Amino acid sequence: MTAKVIDGKAFAAKVRAEVAAHVARLQEENGLTPGLAVVLVGEDPASQVYVRNKHASTIEVGMASFEHRLPAETSEATLLSLIDQLNADPKVHGILVQLPLPGHLNSELVINRIDPAKDVDGFHISNVGLLGTGQKSMVPCTPLGCLMMLRDHHGKLAGLNAVVVGRSNIVGKPMAQLLLGDSCTVTIAHSRTKDLAEVCRRADILVAAVGRPEMITGDMVRPGATVIDVGINRIERDGKAKLVGDVHYESAAAVAGAITPVPGGVGPMTIACLLANTLTACCRANGLAEPKGLTA
Ligand code: NDP
């Protein structure tokens with residue numbers, strides 16, 4: 001079998017177009033412009049690229065983008081005071097603090113200072129608790145993007161066996177909660193899991209969020225399974241820099257029913273879902289109906 005390729009780039013473009021259409025309607029009918037504030041502390045090169053991309057995508061869908069770039073030596077008090085200011089600003093519906101923060105800043109303290117209703121990354125402890133108890137929350141962007149692609153491919157997910165490899169707070173755990181919310185039978189695997197290959201082979205849906213290049217190979221995939229590769233790993237092969245996932249694409253694609261490539265799979269969905277979350281936050285803040293198909 002050769003797997004169907006799930007085209008995350010095309011899907012993300014569709015999500016962004018839907019968000020843009022909603023934003024245009026909100027402006028026309030309600031005089032509202034959703035606004036996203038992004039806070040970057042320091043000069044981490046990868047973070048600078050992410051922040052630039054987020055700014056460009058926000059503008060492209062017609063939202064307002066507020067960028068706050070602070071020097072690496074910014075004190076916790078200054079950062080917390082900026083967050084208080086953004087929490088109180090009615091033009092700002094979503095707040096994202098780019099991680100990682102410089103070592104002297106307490107990330108948990110900073111993230112938990114964001115108003116949970118504006119926490120478009122879904123990392124605030126209140127949103128984590130709401131998701132865990134199946135209540136309306138802001139959902140982390142990467143797992144939300146994976147869920148959207150899975151729903152689009154399968155329709156209903158109820159009853160499917162899902163295996164999530166990785167138990168991080170930003171990907172693995174929320175992914176598992178979302179799949180459980182859609183009534184999958186969910187297994188979470190991690191570095192201490194015994195016989196990982198056998199566990200993975202039980203999966204109708206296999207999500208890899210490990211951070212180890214090409215670790216999940218074709219022999220670990222059940223024939224016909226859907227494979228979602230969250231991994232982004234920069235490696236060097238044949239003297240050239242290359243981006244690969246956590247899944248060994250060629251061997252897995254030969255067995256799977258459907259698979260996301262790297263690049264062009266989960267990656268583009270993450271920013272699209274950040275925009276979707278900002279739109280959702282704006283609708284909720286103003287007592288308006290949430291956009292259909294863009295939330296969990
Ligand atoms: P973390 O490093 O926080 O978590 C990795 C998880 O993988 C841990 O739970 C760890 O287990 C598990 N793990 C590590 N080694 C093994 C192993 N040999 N067998 C089984 N499990 C193992 O990573 P993240 O969740 O933050 O990210 C995962 C990947 O997703 C990375 O490649 C990252 O770059 C990518 N990513 C992509 C995004 C996107 O937009 N596409 C967004 C966020 C992340 P344990 O807990 O036991 O240590």
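This chain uses plain numbering: 1 for the first residue, then up along the sequence. Both ligands and their constituent atoms are indexed starting at 1 by order of listing. Bear in mind the structure is a predicted one, so any value in this text is a computation, not a measurement.
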### Query
Which is closest to atom 32 (O) of ligand 1 by heavy-atom distance: Val164, Ile232, Leu99, Val244?
Ile232

### Minimum non-hydrogen distance to atom 45 (P) of ligand 1, winning option of Ala209, Gly145, Ser191
Ser191

### Task
Around atom 9 (O) of ligand 1, find the nearest protein heavy atom and jot down its residue, atom name and distance.
Arg167 N, 2.8 Å

### Message
How far is atom 21 (N) of ligand 1 from the closest protein heavy atom, and which atom is that?
### Response
His190 C, 3.1 Å

### Query
In ligand 1, which numbered atoms sit nearer than 4.0 Å to a non-hydrogen atom of Val266?
41 (N)

### Query
Given Leu147 and Leu157, is the side chain to side chain contact (heavy atoms under 4.5 Å, CB included) satisfied, shown in steps?
CA-CA 10 Å; Leu147 182 74; Leu157 304 180; 4.0 Å; yes

### Query
Could an N or O of ligand 1 be found under 3.5 Å from any N or O of Arg192, whether backbone or side chain?
no

#### Entry: Backbone of Asn87 reached by a side-chain donor or acceptor of Asp115 within 3.5 Å
no

### Task
Give the intermediate values and the outcome of side chain to side chain contact (heavy atoms under 4.5 Å, CB included) for residues Met63 and His93.
CA-CA 10 Å; Met63 292 182 180; His93 304 96; over 6 Å; no

#### Entry: Charged N-O contact under 4.0 Å between Lys91 and Asp89
yes

### Task
Specify the closest pair of heavy atoms between Cys283 and Pro291, including all atoms of both residues, with the distance to one decimal.
SG-CD, 4.0 Å

### Summary
Nearest heavy-atom contact between His22 and Leu279 is CB-CD2, 3.4 Å

### Gap between atom OG of Ser65 and atom CD of Glu60 - 0.5 Å precision
12.5 Å

### Query
Which protein non-hydrogen atom lies closest to atom 31 (C) of ligand 1, naming both residue and atom, and how far is it?
Gly211 CA, 3.5 Å

### Task
Could you pull out the closest heavy-atom pair between Gly94 and Thr278, with the gap in Å?
N-CG2, 4.3 Å

### Query
What residue and heavy atom of the protein are closest to atom 19 (N) of ligand 1, and at what distance?
Met215 CE, 3.7 Å

### Query
Of the choices Thr193, Val210, Val199, Thr260, which has the non-hydrogen atom that lies closest to atom 5 (C) of ligand 1?
Val210

#### Entry: Numbered atoms and elements of ligand 1 in range of Val171, under 4.0 angstrom, heavy atoms
25 (O), 43 (C), 44 (C)

#### Entry: Heavy-atom donor-acceptor pair, Asp246 side chain to Met215 backbone, under 3.5 Å
no

### Query
Identify the closest protein heavy atom to atom 42 (C) of ligand 1: which residue and atom is it, and at what distance?
Thr142 OG1, 3.3 Å

### Task
Tell me which protein heavy atom sits closest to atom 24 (P) of ligand 1, plus the residue, atom name and distance to 0.1 Å.
Ser168 OG, 3.7 Å

### Task
Would you mind listing which atoms of ligand 1 come within a distance below 4.0 Å of any non-hydrogen atom of Ile170?
26 (O)

### Task
For Gly166, counting its heavy atoms only, list the atoms of ligand 1 lying under 4.0 Å from any of them.
6 (C), 7 (O), 9 (O)

### Message
I need the Ile125 CD1 to Ile111 CD1 distance, nearest 0.5 Å.
### Response
12.0 Å

### Sidechain-backbone polar pair: Asn277 side chain, Asp121 backbone, donor-acceptor under 3.5 Å
no

### Query
Any idea which atoms of ligand 1 are less than 4.0 Å away from a heavy-atom of Thr270?
39 (C), 40 (O)

#### Entry: Donor-acceptor contact below 3.5 Å, side chain His104 vs main chain Thr74
yes

### Query
For ligand 1, which atoms, with element, lie under 4.0 Å from some heavy atom of Gly267?
41 (N)

### Message
Please work out, at 4.0 Å between heavy atoms, whether the side chain, the backbone, both, or neither of Arg212 comes within that distance of ligand 1.
### Response
side chain

### Task
Please identify which atoms of ligand 1 are closer than 4.0 Å to at least one heavy atom of Asn233.
32 (O)

### Message
Test of understanding: given a 4.0 Å heavy-atom threshold, classify the contact between Val230 and ligand 1 as side chain, backbone, both, or neither.
### Response
both

